[in-house]
Amino acid sequence: MKNLGEIREEIDEIDSQIVALYEERMKRTTEVAEYKISVGKPVLDKEREKEKILKVKELVKDKKNSYDMEELFEQIMAMSRKRQYQLLNWYGQIEEFGFSQVDKLPFITNKVVYQGMEGSYSELAMKAYFGENTNSFHVETWEDAMEAIRNGEADYAVLPIENSSAGIVGENFDLLVKYDNYIVAEQIIKIEHALLGLPESNLSDITCVYSHPQALMQSIDFLEEHKNWKRIKAGNTAFAAIKVLEDKKKNQAAIASIETAKKYGLKILKTHINYSKENSTRFIIVGNQNISLKEAKKVSICFEVSHESGSLYHILSHFMFNNLNMVKIESRPIKDKSFEYRFFVDLEGNLKDGAVQNALKGLMEEALYVKVLGNY
């Protein structure tokens, strides 16, 4: 029997041969890429890859290695494609993705729209980004806001996209796909929920509380201390406050911001009721022009992949190959497709970066659907 040292030496020798052969293969990849560029042939050739997999599996002497060989060559061919996408960039075949860069956000109507009422967190986010004296108006739903910018009634809409405690606002991810609108900026604000009641109310009077579902979720620890309270969902924290104000019932309260209490003359019955002191919400600024600021550092995309083993892995590998930091990934079910999902990814980078272009070029060729949602 060989000792471990001898076996390792033999493995090292085999590995050196594998490295040399891999480098030779990648040289041929360059030649393939140059030919495809010259004749305008796409990088991905699914039929050729299927034929190749079948052939290499037939070469295997020990059939236990058949699956391993398939996986190995899938990886080799994936690396080959990524190298070819890289060469496309080097040869000047750059994908612009339809975006133009600007020094500052342009305004036409000089109006910004947000969902909810005055005093809502969306209004606070709008003021934090655009300033206190911004010309703005509010609408009832998030889709109304998307319609307003699509129709040119406003330049930009402010929409919540995720909360650090309660997670994503799924409907707004879906709206980014449904509408031909684009993310141009983001604004993160700290969330500090308070329990608001009528001026004559006390905490002991409350039996019913209104708020947005996420605000109720973010205040769950406090609400669990009052299990007898009825919890009722509202379209917005400000809507909840107005409901309490208009009903004039001492037993009703709303979960909203301190600014909302000041706005509508409600009494603050309890402060800091959200369970996380670091609770914050990320809002996106959305416009109907596919533009980006020159200093943009984040790219948001969505894509769909075939419903088969390894498809998501192969798509995500484009980010790894191009050394891109993926800071977020979310999935949303695709309407009318049972148990199939659309993926949303945030990457660090700018659409003018070669690495970003290489990765997105690969996605464009290999995914079923790709949309660049914004660079901001």
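Nothing here was measured: the structure is a model prediction, and the numbers come from that model.
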### Query
Within the side chain of Ser311, is there an N or O that forms a donor-acceptor pair under 3.5 Å with the backbone of Glu308?
yes

### Task
Run the ring-centre check on Phe107 versus Tyr156 and record whether the distance is less than 6.0 Å.
yes

### Message
Could you check whether Asp247 pairs with Lys243 (Lys NZ or Arg NE/NH1/NH2 to Asp/Glu carboxylate O, under 4.0 Å)?
### Response
yes

### Query
Between Lys27 and Glu23, does at least one N-O distance fall below 4.0 Å, as a salt bridge requires?
no

### Query
Do Lys233 side-chain atoms and Leu216 backbone N/O form a donor-acceptor pair below 3.5 Å?
no

### Task
Before accepting this row, confirm whether a basic side-chain N of the pair Arg81/Glu365 lies closer than 4.0 Å to the acidic partner's carboxylate O.
no

### Query
Side chain of Gln357, backbone of Leu351: donor and acceptor closer than 3.5 Å?
yes

### Task
State plainly whether one hydrophobic cluster holds both Ile188 and Val327, where clusters connect Ile, Leu, Val, Met, Phe, Trp and Tyr through side-chain heavy atoms under 4.5 angstrom apart.
no

### Task
May I ask you to check whether His318 and Tyr85 place their ring centers less than 6.0 Å from one another?
yes

### Message
Check this for me, if you would: do Lys262 and Glu259 make a salt bridge, where the nitrogen-to-carboxylate-oxygen distance has to be below 4.0 angstrom?
### Response
no

### Task
List the steps and the verdict of side chain to side chain contact (heavy atoms under 4.5 Å, CB included) for Phe239 and Gln115.
CA-CA 10 Å; Phe239 289 160; Gln115 181 269 345; 4.0 Å; yes

### Message
Counting the benzene-type ring for Trp, do His193 and Tyr275 have ring centres under 6.0 Å apart?
### Response
no

### Query
Does Glu147 pair with Arg150 as a salt bridge, N-O distance under 4.0 Å?
yes

### Query
When you check the gap from the basic side-chain N to the acidic O, do Arg231 and Glu224 get nearer than 4.0 Å?
yes

### Validation row: Phe319, Leu316 side chains within 4.5 angstrom (heavy atoms)
yes

### Query
For the rings on Tyr182 and Phe99, is their centre-to-centre separation under 6.0 Å?
yes

### Query
Could Glu330 and Lys328 be called an ion pair, given the rule that one side-chain N must be under 4.0 Å from one carboxylate O?
yes

